Every structure is written in structure tokens, then in C-alpha cells.
There are 2 protein chains.
Amino acid sequence: MRGPLLRDVAQQAGVATGTVSNVLHNPAKVAPETLARVQAVIAELGYVPNAAARQLSRGRSGSVGLLVLDARNPFFNDLAAGVEEAAGSMDLAVLLATSAERADRERLYLDRFEQSRVDGLLVTPVGGSVKQLKAIRDRGTPIVLLDRLATTPGFSSVAVDDIEGGRLAGQHLVDVGCRRIAFVGGPVTLEQVRNRLVGAGRAAEAAGVALSHLATTRMTADEGRRVGSEIAAMPRRERPDGVFAANDLLALAILQALTLAGIRVPDEVAVIGYDDIAFAALAGVPLSSIHQPSYQMGRRAMELLAATMQAGGDSRTASQQVVFMPELAARASTLRYGTRVRPANGVPVEPLA
Amino acid sequence: MRGPLLRDVAQQAGVATGTVSNVLHNPAKVAPETLARVQAVIAELGYVPNAAARQLSRGRSGSVGLLVLDARNPFFNDLAAGVEEAAGSMDLAVLLATSAERADRERLYLDRFEQSRVDGLLVTPVGGSVKQLKAIRDRGTPIVLLDRLATTPGFSSVAVDDIEGGRLAGQHLVDVGCRRIAFVGGPVTLEQVRNRLVGAGRAAEAAGVALSHLATTRMTADEGRRVGSEIAAMPRRERPDGVFAANDLLALAILQALTLAGIRVPDEVAVIGYDDIAFAALAGVPLSSIHQPSYQMGRRAMELLAATMQAGGDSRTASQQVVFMPELAARASTLRYGTRVRPANGVPVEPLA
DNA sequence: CGCGCGAAATGAACCGCTTCACACGGCGTG
DNA sequence: CACGCCGTGTGAAGCGGTTCATTTCGCGCG
């Protein structure tokens, strides 16, 4: 039941195996009529090259591994699309895997990738596997860290400035007149959460506005609903008049809980999220959010990786850190009547449709 | 710069290559102390097996290919998660790719998968590549079609009954008192859209209710907004009092457009979507939808594929069609005050093979 | 004491392709 | 006319594992 081999094609066409190989990869090096004949035989026999054999003899896989935290998160989907796009134009295949934020799965997939001899690796690290990453890199596989600033020297990375993102969100709430801001998110073991909180804190402090932190155990809709109801249940004068949620899923759930409780958004409470997923703009009250150029980040990361791969063979190239700036996408959930908002850096403010 | 090979490990540990291979795959066949010694050397040298070489000599890849239409669609994310879960428990790796509904990409990835000698293939066909799929199957790779009933004999498939889903949605709108229903979606070249429309048509007809079709060119938020505004702009007596959108993205956009235009949902217009994505329940007015057991579909498809793979080697097994039943998820966007809705039928029905 | 047996280890043959040193005319050039 | 070169082909030597028939050895048993 095994299919025809390259040597079967060669025999059938009356040429050497090397010639068939050339027909496949260097058509220019083959005389026109030979080429035609061989191609005909290939079609006739239904020959399908064996990728494993090719990889083995070539010594390169022609693919890169992409390990993300959560395949269901739109942010990572966009990121992956960007990577794929860039990889495609370089004739590289992308192997995608999800760690689901679990260290054991991260280890598993990193192992698999290394065994597959990927030419490069793009990783959003769960954390804790720095050692393994170093080992892989030291064995010769270029690695670019994603969505996390490389603290460890020797790694390149593409990330977005979460502190600045937090600051933007906090400043925006201040700008629309909030005096008691609540930051919702957690666990703080997540670097992103910490940084966004820090950024918001700076903006609040600078404006002399109070900032509280309502912790969540995870960033899910359930947790958002819970916190939303808690906020709604607070006595009016203690209640925050501005909520900054660490991601859009939380924000949307909070928004819903508040609305259901009869609290007017943005008049009584302004709400802003983070990530600017497609559904943010689709909410009943369109949700303000912090936009990250996820697609571009993916592209850029892949380009950076490619550069490292080129140089990587022999020279120890300096690592690069690319930091993207997040942007404010202001929508109805924060834009109170009569508020005037300074346009954020470059970004079109989108008031109601 | 090349890493240590299996034979280096063997030499260093003073054993034959076969023994090292056994240490890796049949530890039970190796004497305890030899095992320990070899493992120590492996760790010391940082030996990483070469997957290509292993695959070449074993003749199997230990992986399956999964080709979906759209990686950004939550439905496919869930499906993929189900596949991955099932595959994981069978020690199979999943290679994921997106055709983006483009026939050329479908061809490309099918080729790649076949060249990688995947042990099986799960495909949501774009359409038009039936021929290629047949060829691949005839060359010996088991294939299970996803989210589409296999019309071609000889293919197994896992799908959901879209006609029934359409009927459920239509019936629900009838049940909550709608007399003029609009179906929104397109293009009708998509089988799913056609079937949902047919199902809705049956329910409407049976109840003697009018059903119109507002066509869209694509199922995107933009198109939803457009149609939503059009509906809002209609004179009241012509306006539908129930809208069934072919997916949730459309539905959410319509919902938003109606709300923004000051039309009360569900009182003036009831809205129901399809897919029951996570964000449906998070909308300002929680969106009713038709739920598909995407995760289970993924699991089941993988199991079906595994069964085919087992049998596939020699016997020509009968193909199986598994059809899941969609379920109504009734929420605020259709539940008018005082309406009584018959509970939807309980459990997914799987007709046996 | 000789024999058979199972546990442990061996190592050469293969898996299917790419590569590359080399062969073989035919042709323009000095 | 001899030479070198170029356009075409050739085919054997790897690439790095797995497999399996075979060898080795210690031990219980008649």
C-alpha cells in the first residue's frame, strides 16, 4: 500500500534520482523535454514526496514553531495570523501550539518543536521555563519572545508596553472626569496585569485620583460578572465612577452586570477594557479599550526571528527588543456627554456610530 | 554546531545504538543500571532526538492534520480544542492550518499534510477540492470531514444539523410571537447559510408566518451594522418583528444597530443568532442563539478518525456520518415579558453507525 | 555436568530523499 | 586541432534514527 517513491519515478522516466530531485526543486537545471517527461510520470504515478526524508537529508525543516498562551483569545489569533502571513512570504511553515498557560504543556511543545528541528521559535512564555528556553537557544535554535519583554539578556522580543497601556487607560478615565477608579484583574502573578495596574496607578497618582484594585482569580466572564455585581451593590458614594478592566472579556461582563443592575454607563460608571477585541465595539454600549497592534506584532516577530535565523548560524547577533505602543480606542462606555478627550497619539477616537 | 547524535550517546555510554533507542522507547527492556547510565549520558550531552529521522524509519508520523476554515472564529477554536484533547489522549500531535475559506490555501495545506505523511486528516472543506480529497484518501490517508455532511460516499463526517438549527431558531421566534421574520445572512453559496434558511423557512411556513431574506455578502460585523440600520430605517409596519441572523457576529452587530436606533429588543424586534459564541451571552442585551456542541464535535471527529486509522490499513471500513443536534439557547434578546417557551430538546443525538 | 532458556545487548540493514563529485558530449576559441 | 567550458545527467554516499535476527551470558534443572 506504500506509494511510489522518487526512485520509481526516476526508473519509469528513464532518468537518475538526482534528476527527479532537480525537476522538483531546480526545474531550471533540467532540459525542457526531460522536465516534461518526468513531470508527466510524477502525475501519472501520483507521486508525493516524503517530507521527513527530505528534511533529514537537507538538515533543515523549513518551519518555525509558534507557542501561544491561549488559542481562544482573539489577541493571539490575530498575532498568529500576522506570524503566518510573514512566514508565508518567506516560504516557512508555521507549527502552532497552545500552552493553555500551563507550564507542563509548554515544556511538552517546546520539546516537540525542538525534536522537529524547527528553524526558529516564537514563544509567549508561561514563565518558569526560562531554563529550558535558554537550553534550546544554546543548542542553536533562535528564539523570539512574544508579548513579553525579554528580561533575560540574549533573547530578542516583541512586546507591547503594558505600563503605557495602563497609563493610557487610567489617564483617559481621569480625563472623562472619574475621581474614584477601580482596577479589575488578576492574578497579579501575570506580568501583564501587574504592568497595567502600575501604569494606571501612575496616571491616577499624577491626577490625585483614588485607585483601588479589585482582584480576580482569572480573567473570565464569570469573574467579571461577579465583580460587576459587587460594584453595583456598593453604596453609591463608595462606588467607583470609573472601572479599568485588565482585559475586554472582564470589561464586557462588568459592563453587562452594571447595565443589568440599572447603573448607567458611562454616566454613573465609565468602563474601559484592554485588548480591543472585535467584540468590544459590538457591545450594547460600545466598549472603550486599549488597542494592541497584534497583527503587526506577529509580523514583526516573525521578521525578527528570520533575521536571527540568518545570522544565527555562526555569529552571535545582538538581541533586539521591539516595543509597540498601545493606543486608546475611546468609545461610548467612557465618553460622557460633553466630555472632551484629547486625541490619543494618532488614534482615531471613535465616538458612537 | 550540530548537536549530539544517538550514536554519540551510545558510544559515550558504551552501548549499542539499539540500546539507546530502547532506553527512549522501551525502558522496560533495558537493565536498570544500563538505563540509568544511558539516561545520564543523554542529560549530560543534551541529546535531542531527531523527529524526521525517527519518522522516516518508523514509517509513521504520529500526527494528524486539522484544516479549518477560519482560525479566528470561536466555533473553530472550540472545535480544534476538542480535537486536540482527544488526540492528546491517543499520543497524536495535531497539525493545525487555516484555509481562510480559500481553495488555493486549502490545496496548499492538504499537499503539505500529505507530504508530512500525517496519519489522518480532519478537514472542513472549502468546496471544490473534493477531487484532491478523494485522491489523498485513495492513496491511503484516512479523512474525516468536519462540519459538513459527507455527500460523497466513502467519507466519514461529523456535522451538525443546520436545517434543524434553522428550524429551532425560526420556531423560537414564532413561539415568542413574531409574525414577520427576517433571515439575515449570505452568501447562499455557503451550505450552512442555505440550510439554516431552509430550516427557518419550514418553521415559518408551518406557522403561517412571513419570512424574508436580507442577503449579506459576508458574515461580518460591518454587514450586520448595515442590515441593522436598514431594518431600523424601515417604516414600522413593514419592519420585521423577529430577526434570525446566520451567525452571532451578524446578530450582535444588528442588535447594536437596532438598540442605537432606539428600537427596543426584544419588545419591538426579537433577535436570535447562531453559534452561541462566548460573547453572545455577554452582549448588552444577552443574545439568544443556537448552540452547537463544537468541542464535542471535535472530540468525536478525532475518535472517528482514529477508528478509521486503525481499520484503514487493510480493510475498507464503511464510512460513518455523525450528526449532532443543535440546541436553543434562549436569552433576553428574544424573551419577551410573559412569553412561555417550550424547553428545547435535551441531548445531542448521535445516530449509531 | 551438559543443556535449554530467557534476559540483555548488539549492529547491520534499511527508511526515502538531497547532494555533489564526476562523466559525457558539443562547441567556441586560440 | 587541441583545449576548456558549459549544459545535462549520473549515482553513490550520507542524513539520524528504528528494527530485528543474532549473539552473549547467567542460571536452574535433569
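Just so we're clear, the structure is a prediction, and the values are computed from it rather than from any experiment. Convention: sequence-line order gives letters A, B, ...; per-chain numbering from 1.
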Do D111(B) and Q132(B) meet the criterion of a side-chain donor-acceptor pair at a distance under 3.5 Å?
yes
Every protein N/O lying under 3.5 Å from an N/O of nucleotides 19-28 of chain C:
none

Indicate, with a heavy-atom threshold strictly under 4.0 Å, whether V20(A) touches base, sugar-phosphate, or nothing.
nothing
If every non-hydrogen atom of R105(B) is compared with every non-hydrogen atom of T98(B), which pair is closest and at what distance?
NH1-O, 3.0 Å
Under 3.5 Å, which donor-acceptor pairs link side chains of residues 14-26 of chain A to any protein atom two or more places apart or in another chain?
none

CD1 of I42(A) versus P of dG16(C): gap in Å, rounded?
17 Å
Any side-chain heavy-atom pair from L110(B) and R107(B) closer than 4.5 angstrom?
no
Is it the case that R300(A) places NZ or CZ above or below the six-membered ring of F324(A), under 6.0 angstrom from the centre and within 45 degrees of the axis?
no
Checking the side chain of D119(A) only, and the main-chain atoms of G62(A) only, is there a donor and an acceptor separated by less than 3.5 Å?
yes
Output all residues satisfying side-chain contact (heavy atoms from CB on, under 4.5 Å) with Q11(B), sequence neighbours left out; order by chain, then residue number.
none
Is the shortest distance from a Lys or Arg side-chain nitrogen in R72(A) or D70(A) to a carboxylate oxygen in the other one below 4.0 Å?
no
Could you state the interatomic distance from CG (L67(A)) to OG (S99(A)), rounded to the nearest 0.5 Å?
5.0 Å
Round to a whole Å and report the spacing from CG of D8(A) to C1' of dG16(C).
10 Å
Starting at CD of Q55(A) and ending at C1' of dC15(C), how long is that distance when rounded to a whole Å?
14 Å
Chain B reaches DNA chain D, atoms under 4.0 Å from its heavy atoms, from dC15(D) to dT19(D)
At how many degrees, to 10°, do the end axes of the helix from dC1(C)-dG30(D) to dG30(C)-dC1(D) meet when each uses five pairs?
50°
Taking atom C1' of dC15(C) as reference, at what distance in whole Å does atom CG of L56(B) sit?
4 Å
Name the closest nucleotide to the V30(B) side chain, picking from dT10(C), dA9(C), dC17(C).
dA9(C)
Can you tell me the distance, in whole Å, between the CG atom of N50(A) and the C1' atom of dT18(C)?
13 Å
Which atom pairs, donor and acceptor, lie under 3.5 Å between side-chain atoms of residues 82-91 of chain A and protein residues at least two apart or in another chain?
unit_1, atom_1, unit_2, atom_2, d
E84(A), OE2, Y109(B), OH, 3.3
E85(A), OE1, Y295(A), OH, 3.4
E85(A), OE2, R299(A), NH1, 3.0
S89(A), OG, A86(A), O, 2.8

Mark yes or no for whether S156(A), through its side chain, and Q320(A), through its backbone, hold a donor-acceptor pair below 3.5 Å.
yes
To the nearest Å, give me how far apart CZ (R117(B)) and C1' (dC17(C)) are.
11 Å
